[in-house]
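As structure tokens, the structure follows; a few thoughts come after it.
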Number of protein chains: 2
Amino acid sequence: MKQRAGDAGANAREAILAAARKAAQAHGYGGLNIRALADGVGIKGASIYYHFPSKADLGAAVARRYWEDSAADLDALWGETSDPLRCLHDYPDVFRKSLESENRLCLCSFMAAEYDDLPDVVKREVQAFADVHVAWLSKMLFASSVVSAGESGQRARSIYAAVAGAQLMARSRSDIALYDALIDGYRAAGLLPTLQRTLPEPGVDH
Amino acid sequence: MKQRAGDAGANAREAILAAARKAAQAHGYGGLNIRALADGVGIKGASIYYHFPSKADLGAAVARRYWEDSAADLDALWGETSDPLRCLHDYPDVFRKSLESENRLCLCSFMAAEYDDLPDVVKREVQAFADVHVAWLSKMLFASSVVSAGESGQRARSIYAAVAGAQLMARSRSDIALYDALIDGYRAAGLLPTLQRTLPEPGVDH
DNA sequence: ACCTGAACACCGTTCAAGT
DNA sequence: ACCTGAACACCGTTCAAGT
């Protein structure tokens, strides 16, 4: 019964991580309030420091868990269908879900804005998130041959930045329909591929 | 000598606005520190409240001045050349300049992230900025006939969101070359028009 | 007209102390 | 092992007071 990891004692840590993630997606790293966070978990502010030595370490742990979960989600999407065009089509849904969850932003987009004020340990995790997404997009672009091999990296970065920008703009109007319209605009302009191979006339239902 | 607006007394107000703008582009509305701001202007924190009744009013005044200045810049660009394709080509330079200025973000992108915590008076000015940019882009797209008349609004919004996203991603790596690469990626994908009419082979210098 | 010091409640953080 | 109250310096804000 001694020295067991992941037991009852770890629940508080996990609860803090989950609550901190939701708070940071709404208010950012700077807006993350330790006392309010502790309140939501049912402990006192000072107790947070038993689980995390500093706000910087908490922020880094939240951001790391965030990109780890995101990487797992993307891999699951790819594992389900093995259809890279389908994956590229569904990719914007990942960012849509944050908006659906009380108009929240991607944690790492918020932290990208706050970059100057971020502790170094947090900065590293924010960049890892973008790296994971760009690598996955690049793989999908290559597998679906929508761009030539040498261009998949550049296109992947452009798609990532554009989708993050769409989420940011939609948040500032609390308007998910705007997000959908922006993504459609990317498809119409050719930044994002379409599922069917670019038929000039869409058919009946339009 | 009485009741004259824009005299010596207004200098403090202007100095506060200028300093607050630079600070907010680096740290956001939440990260705007009244005492530090006053320090930069050479007065005490309490004196800020003589010129602005609250932080919310200061934030709104800063954001309003920001989009007013930006609108004037865009109109000047259009007035100089009267070439809509040239204007669309130069548009990303507007966002590039913020990055050149100590890796700063567009004030309204930062505030878009902070949207949930923004006072209503500030929210309104943040939206006005996006409105101004989308309207200008829409006008340029229509004038240059790069998209059909009905699509210029959608394309304008997509371009704005994508450029803002590129700036956000570049900031998170303090990398202006990445910003340029993202913009080039938008051009290669067809989101942004190119100056010369899409020649398949670029020629000698590449 | 413009600025200030002192005070308020609130923040991140520490630490000695509880169980 | 896990949590707490009290304290620290710092925040936005107010206000009576200075010139």
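Proteins get letters first, then strands, A, B, ... in listed order; numbering begins at 1 in each.
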Of the candidates dA6(C), dT13(C), dC3(D), the side chain of I34(A) sits closest to dT13(C)
As its Watson-Crick or G-U partner within any shown strand, both distances under 3.5 Å, dC10(C) has none
Which of dG5(C), dA1(D), dT13(C) is nearest the side chain of Y50(A)? It is dA1(D)
Side-chain contact check for R35(B): nearest option of dC11(D), dG12(C), dT14(D) is dC11(D)
On a heavy-atom basis, the closest approach of A20(A) and L37(A) is N-CD1, 3.4 Å
**Asked** Can a salt bridge be assigned to the pair R104(B) and D116(A) using a cut-off of 4.0 Å between side-chain N and carboxylate O?
**Response** no
Out of dG5(C), dC3(D), dG5(D), minimum distance to the side chain of K44(A) belongs to dG5(D)
Rounded to whole Å, CZ of F52(B) lies from P of dT14(D) at a distance of 15 Å
(Q) Within the 4.0 Å heavy-atom criterion, would you say L32(A) contacts the bases, only the backbone, or no part of the nucleic acid? (A) sugar-phosphate
Atom CD1 of I48(B) and atom P of dC11(D) are separated, to the nearest Å, by 13 Å
Closest to the side chain of K55(A), out of dT13(D), dC3(D), dG12(C), is dG12(C)
Between S47(B) and dC2(C), is there a side-chain N or O to OP1/OP2 distance below 4.0 Å?
no
In whole angstroms, the gap separating C1' of dT13(C) from NE2 of H51(A) amounts to 16 Å
More than 12 heavy atoms of other groups within 6.0 Å of F142(B) CZ:
no
Rounded to whole Å, OH of Y49(A) lies from P of dT14(C) at a distance of 7 Å
Here the distance between atom P of dG12(D) and atom CD1 of I43(B), to the nearest Å, is 14 Å
Here the distance between atom P of dC3(C) and atom CG of D39(B), to the nearest Å, is 14 Å
For dG5(D), the nucleotide meeting Watson-Crick or G-U wobble distances (both under 3.5 Å) is dC15(C)
Between K97(A) and D73(A), does any side-chain N to carboxylate O distance fall below 4.0 Å?
no
Whole-Å distance, N33(B) CG to dC10(C) C1', equals 14 Å
Taken to the nearest whole Å, CG/L58(B) to P/dG12(D) is 11 Å
Q) In terms of side-chain geometry, is the basic nitrogen of D184(A) or R187(A) positioned less than 4.0 Å from the acidic oxygen of its partner? A) yes
